[in-house]
Amino acid sequence: MSYSQMLDKKCDIFHLEEKEKKEDGNFGINVSNLPNELEYSDKPDLKEIDCYYSKKSESIVQSEPQNILIQTWLLHFNKNVDVRRLDKVIAGGYIFTLQEPTTPKNHHIEVEAFRKVVL
């Protein structure tokens, strides 16, 4: 079985967009001290990309008023796919946020991803 045959799932990839800061800060806070607001476009930057994903771990954080499920996944892509840190990936009804991509032996791309679910 070749590696490309292993990538049997499809996903959409949304690249991160940086939103411009307003001129004025709120409540006397200087604009340069505010964190950048990050958002994604409504349309995917890359559509129907071949991928493979598997769950690595999950944990539940107990908090008020509801609990939060945090899952870690490992996603695989072909080497030529433009995948970046903090990209949003939608695959199989799941929404992932990507970490730093790596290319083992310069063959393919592996990315650890996480997702949060409010229970």
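Residues take their numbers from the sequence shown, with the count starting at 1. Since the structure is predicted, the reported quantities are computational estimates derived from the model, not experimental observations.
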* To do: State which residues pass salt bridge (charged side-chain N to carboxylate O under 4.0 Å, His left out) with K9; sequence neighbours excluded, sorted by chain then number.
  =>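 Applying salt bridge (charged side-chain N to carboxylate O under 4.0 Å, His left out) to K9 gives none.
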* By salt bridge (charged side-chain N to carboxylate O under 4.0 Å, His left out), which residues pair with D82, not counting sequence neighbours? ->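 Per chain and number, D82 pairs via salt bridge (charged side-chain N to carboxylate O under 4.0 Å, His left out) with R84.
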Nearest-0.5 Å distance that lies between atom [atom1] in [X] and atom [atom2] in [Y]:
X	Y	atom1	atom2	answer
D8	Y53	CG	OH	8.5 Å
N67	S59	CG	OG	11.5 Å
C51	I109	SG	CD1	12.0 Å
D87	D12	CG	CG	12.0 Å
E17	Y40	CD	OH	10.0 Å

* Asked: salt bridge (charged side-chain N to carboxylate O under 4.0 Å, His left out): which pairs involve residues 88-102, sequence neighbours left out?
  ->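 As it turns out, the salt bridge (charged side-chain N to carboxylate O under 4.0 Å, His left out) pairs with a partner in residues 88-102, which skip direct neighbours, are R85-E100.
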* Asked: Taking only residues at least two apart or on different chains, which pairs with a member in residues 56-65 satisfy salt bridge (charged side-chain N to carboxylate O under 4.0 Å, His left out)?
  ->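 Output for this query lists K55-E58, K56-E112.
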* To do: Assign the ring pair W73 / Y94 to parallel, tilted or perpendicular, where the plane angle (0 to 90°) is split at 30° and 60°.
  =>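 Rings of W73 and Y94: tilted, 30 to 60°.
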I need the minimum non-hydrogen distance between [X] and [Y], along with the two atoms involved.
X	Y	result
Q99	V111	O-CG1, 3.5 Å
H76	L7	O-CD2, 3.6 Å
L98	A113	CD2-CB, 3.7 Å
C11	V89	CB-CG1, 3.8 Å

* Output every pair passing side-chain hydrogen bond (donor to acceptor under 3.5 Å, both in side chains) with a member in residues 41-52, not counting sequence neighbours, ordered by first then second residue. =>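 Found K10-D50.
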* Asked: Under 6.0 Å from the CD atom of Q66, do we count more than 12 heavy atoms belonging to anything else shown?
  ->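 Count over threshold, so yes.
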* Asked: Between E110 and H108, does any side-chain donor sit less than 3.5 Å from a side-chain acceptor?
  ->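 Yes, side-chain donor-acceptor contact under 3.5 Å.
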* Could you please spell out the steps behind the side chain to side chain contact (heavy atoms under 4.5 Å, CB included) verdict for I13 and F77? => CA-CA 11 Å; I13 299 175; F77 300 98; 4.0 Å; yes
* Asked: Can you list the other members of the hydrophobic cluster that holds I68, where links are side-chain heavy atoms under 4.5 angstrom apart?
  ->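 Traced through the cluster, I68 reaches V61, I70.
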* Asked: Do I90 and I49 share a hydrophobic cluster (ILVMFWY, side-chain heavy atoms under 4.5 Å, transitive)?
  ->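 No; I49 is not reachable from I90 via cluster members.
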* State yes or no: do L46 and L86 share one hydrophobic cluster built from I, L, V, M, F, W and Y residues joined by side-chain heavy-atom distances below 4.5 Å, directly or via other members? =>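 They do not share one cluster, since no chain of ILVMFWY contacts under 4.5 Å joins L46 to L86.
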